[in-house]
Amino acid sequence: MVIPTTAADEVDRFPPYAPFAAPYVTVAIVGTACVQDALVAVLMPLTMVQRGAIFTARAFR
């Protein structure tokens, strides 16, 4: 909700940016999702290291 609202506020302030609002919102949402996926991909092995289970059978699934 923050990204589309921010884009709408910017379009209200600067009307010439209206054609770029939808593509920028799309890129921002996809970029945020990619960053969250990367954080999960890094945190899962780190928690396994913390538990001492990095070289167990569960780690190689």
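All residue numbers refer to positions in the sequence shown, counting from 1.
The hydrophobic cluster containing Met48 also contains Phe55, counting ILVMFWY residues as joined when their side-chain heavy atoms lie under 4.5 angstrom apart, directly or transitively. Two different hydrophobic clusters hold Val2 and Ile29 under the rule that ILVMFWY side chains link at heavy-atom gaps under 4.5 Å.
Atom CG in Leu46 sits 9.0 Å away from atom CD in Gln50 (nearest 0.5 Å).
Nearest heavy-atom pair, Pro16 versus Pro19, reported as atom, atom and distance to 0.1 Å: O-CD, 3.3 Å. The minimum heavy-atom distance between Ile54 and Pro45, with the atom names listed, is CD1-O, 3.9 Å. Closest approach of Thr32 to Ile3, counting heavy atoms only: OG1-CD1, 3.8 Å.
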